[in-house]
**Q** 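Sending over a structure as structure tokens; questions will come in a sec.
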Amino acid sequence: MFGNPENLAWPILFLPLLSAVVITLFTQRQPKVSALISIGAVALSFVLSCALFATLPLDKGLHEIGVQWLSVGNLEVSLGARLDGLSLMMLLVVTGVGGVIHVYSYGYMHDDQSFSRFFASMSLFTFSMLGIVLASNFLQMFVFWELVGVSSYLLIGFWYERASAADACKKAFITNRLGDFGFLLGIIMVWAAAGSLNFAQLEQRFASSPEVMGAMATVAGLLIFCGAMGKSAQFPLHVWLPDAMEGPTPVSALIHAATMVAAGVYMLCRVFFMLNVPALEIISWIGGFTALLAALIAVQQDDIKRILAYSTLSQLGYMVMAVGLGISALLT
């Protein structure tokens, strides 16, 4: 099965899901076993990610594997893995940083009554993030995009008996759904104009015919950016991130500083070939404004977790601005 290094993508993706299923169905009453299963799964995914990074010949270009998932009319979608420098780097970030946070969580959460439920949710989140990183098409990315939303809802509201935590997870969930609605509309527009959702096929079509989206190119690009505005907490959808610190500290580290909030920036980098200059300029302005606004708000905070939240917001604003400015410079 693993004769080709590309096939390592499958166990990397599904090990955390297997961990979440096993913990949920069989080891809920065995907290230490649950933790070890979750930590072991993400650690093994990291080792396999390192092996994939070391063995995959990136000098030969893009590698893509997949199986047909959906065929409706002229819409054909595969469940696949797109392997290039960008996705391999993010695999190492998600599994490496996630693994360290899993280990830290073992000590931080050891007295919690819902220890097993915490690690099941963490494993589900890791699986969802890996799905975004490996997605080879828009539909697959959107499915995992929503799974990340569900996972963050479960983790932010982990201590649901606290009113503040319950309110925070609902606020995060609803705010992200606003951005995701725009993201979905953008995906539909791309499919209607280009006739495909596969990133490799779309890249070829945009390269051969840059005007494939016509007059709606800017609108479609900004609608897709709405998804990044939600996940990466850009103005005006930034309001959920500071309140999300109501979750356990390892959740704040995993979701709001390391992986989930970077998903929006990753998605922008993945689809940069379809973003035209007007859309990129607006993206740059929003990122720059978010960076400045969050930094100013952080100055007057007196809660260290909220200070870190607004600091994260500011850094994400710089990242989004850099995507817009850097790609804009390449196109002009």
Side-chain angles (χ1 to χ4, degrees), residues 1-21 41 44-45 48-49 51-53 55-58 60-88 90-91 94-95 123-151 180-181 183-209 212-213 220 223-224 227 263 266-274:
M1 178 180 178
F2 303 129
N4 296 323
E6 295 95 332
N7 290 328
L8 288 174
W10 298 123
I12 291 171
L13 174 62
F14 288 108
L15 276 170
L17 176 62
L18 178 62
S19 166
V21 172
L44 185 54
S45 288
L48 294 176
S49 297
L52 185 60
F53 186 85
T55 59
L56 198 64
L58 291 179
K60 295 183 179 179
L62 169 68
H63 300 265
E64 187 171 316
I65 58 173
V67 293
Q68 186 169 344
W69 171 30
L70 181 67
S71 180
V72 179
N74 63 343
L75 174 63
E76 293 187 359
V77 181
S78 63
L79 175 62
R82 179 185 171 99
L83 300 170
D84 55 13
L86 180 62
S87 61
L88 289 177
M90 280 300 294
L91 280 181
V94 173
T95 56
S123 292
L124 179 62
F125 174 83
T126 304
F127 164 70
S128 305
M129 269 302 304
L130 291 173
I132 290 177
V133 171
L134 292 171
S136 62
N137 58 77
F138 263 124
L139 184 57
Q140 182 182 343
M141 176 176 280
F142 187 78
V143 170
F144 283 104
W145 197 267
E146 296 305 303
L147 281 175
V148 166
V150 172
S151 305
D180 294 350
F181 179 68
F183 187 23
L184 181 60
L185 291 179
I187 292 173
I188 293 172
M189 290 181 65
V190 170
W191 175 65
S196 176
L197 295 176
N198 182 272
F199 294 132
Q201 294 178 7
L202 287 172
E203 194 166 1
Q204 292 176 357
R205 294 184 188 182
F206 275 81
S208 61
S209 178
V212 65
M213 293 296 299
L223 284 172
I224 290 173
Y266 172 82
M267 184 267 287
L268 289 178
C269 293
R270 175 59 72 208
V271 304
F272 77 91
F273 57 86
M274 66 176 63

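Small disclaimer: the values here were computed from a predicted structure and weren't measured.
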**Q** Check whether any side-chain N or O of S209 sits under 3.5 Å from a backbone N or O of F206 as a donor-acceptor pair, and report yes or no.
**A** no
**Q** Would you say the side chain of H63 lies within less than 4.5 Å of the side chain of N4, judging by non-hydrogen atoms?
**A** no
**Q** Should M267 and I132 count as side-chain neighbours, where that means a heavy-atom distance under 4.5 Å?
**A** no
**Q** Can you find a heavy atom in the side chain of T95 that is under 4.5 Å from one in the side chain of L44?
**A** no
**Q** Under a 3.5 Å distance rule, please check whether S151 uses its side chain to pair with a backbone N or O of L147 as donor and acceptor.
**A** yes
**Q** Take a 6.0 Å sphere around CZ of F53 and say whether it holds more than 12 heavy atoms from other residues, nucleotides or ligands.
**A** no
**Q** Does a side-chain heavy-atom distance below 4.5 Å link F142 with L197?
**A** no
**Q** Output all residues satisfying side chain to side chain donor-acceptor pair (under 3.5 Å) with E203, sequence neighbours left out; order by chain, then residue number.
**A** R82
**Q** Below 4.5 Å, heavy atoms only, C-beta onward: do W145 and V148 meet side chain to side chain?
**A** no
**Q** Give the table of side-chain donor-acceptor pairs shorter than 3.5 Å for residues 183-195, with sequence neighbours excluded, one pair per line with atom names and distance.
**A**
none

**Q** Residues two or more places apart in sequence or in another chain: which of them pass side chain to side chain donor-acceptor pair (under 3.5 Å) with S123?
**A** S19, S38
**Q** So, N137 side chain and Q140 main chain: donor-acceptor pair closer than 3.5 Å or not?
**A** yes
